[in-house]
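The figures that follow rest on heavy atoms only: side chains count, while hydrogens, waters and symmetry mates do not.
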Amino acid sequence: MIGGLDRPTKGQVYMDEVDISKLDAYELAWLRCHKVGYIFQTFNLISVLTAIENVSLPMIFAGLKRNERIEKAKALLEMVGLGNRMNHRPSELSAGQQQRVAIAGLRE
């Protein structure tokens, strides 16, 4: 409901004082890109990309320039304790490290 993937049959879902059930598809996509993050049980990392590439990928859709994406991704990976693993692919990371990459990728 919070991600706007389903519409409530009763009641309302508010985010930042806005009833999200009234938003159109474009507004819901913006909401998911900027306000909501999903962590999947399998982390949904792209296996051929490094940790830094996986973290910076969603930032493309948010409109950030390449240099800004890389700097933010580095800072986010440092924040979750993976500064020394940013050039590793998911298969080279433990499950806990993969989860932290997924968490870092939630915020642009």
* Considering all heavy atoms, the nearest L93-Q97 contact -> CA-OE1, 3.4 Å
* So if you build clusters from Ile, Leu, Val, Met, Phe, Trp, Tyr with side-chain heavy-atom gaps below 4.5 Å, do M79 and L82 land together? -> yes
* Asked: Are side-chain heavy atoms of R7 and L28 found at a separation under 4.5 Å?
  -> yes
* **Atom pair CE/CG of M59 and L76 - distance to nearest 0.5 Å** => 5.0 Å
* Structure fact -> Looking only at heavy atoms, the pair that brings E92 and R85 closest together is O-NH2, 2.5 Å
* **Which atom of E53 lies closest to which atom of V48, heavy atoms considered** => OE1-O, 4.3 Å
* To do: Identify whether Y14 and V18 are in the same connected component of the hydrophobic contact network (ILVMFWY, side-chain heavy atoms under 4.5 Å).
  => no
* L31-F61 co-clustered via ILVMFWY side chain contacts under 4.5 Å -> no
* Asked: Is any side-chain heavy atom of R32 closer than 4.5 Å to a side-chain heavy atom of L5?
  -> yes
* Side-chain heavy-atom pair V36, M15 within 4.5 angstrom cut-off -> yes
* Structure fact -> Result for side-chain contact (heavy atoms from CB on, under 4.5 Å) between V55 and one of V101, I103, L106, T50 points to V101
* hydrophobic_cluster_shared for M86 and L49, side chain cutoff 4.5 Å -> no
* Asked: Are R69 and R66 close enough that some pair of their side-chain heavy atoms sits under 4.5 Å apart?
  -> yes
* Asked: Has the side chain of D24 got a donor or acceptor atom that lies under 3.5 Å from a matching backbone atom of Y26?
  -> yes
* Asked: Minimum heavy-atom separation for S56 to I70, with atom names?
  -> OG-CD1, 4.4 Å
* Asked: Which pair of non-hydrogen atoms, one from A104 and one from L77, has the smallest distance, and what is that distance?
  -> CB-CD2, 4.3 Å
* To do: To the nearest 0.5 angstrom, please state how far the CZ atom of R100 sits from the OG atom of S94.
  => 6.5 Å
* Structure fact -> For I52 and A73 the tightest heavy-atom approach is CG1-CB, 3.7 Å
* **Spacing of NZ belonging to K72 relative to CG belonging to L64, to within rounding of 0.5 Å** => 5.5 Å
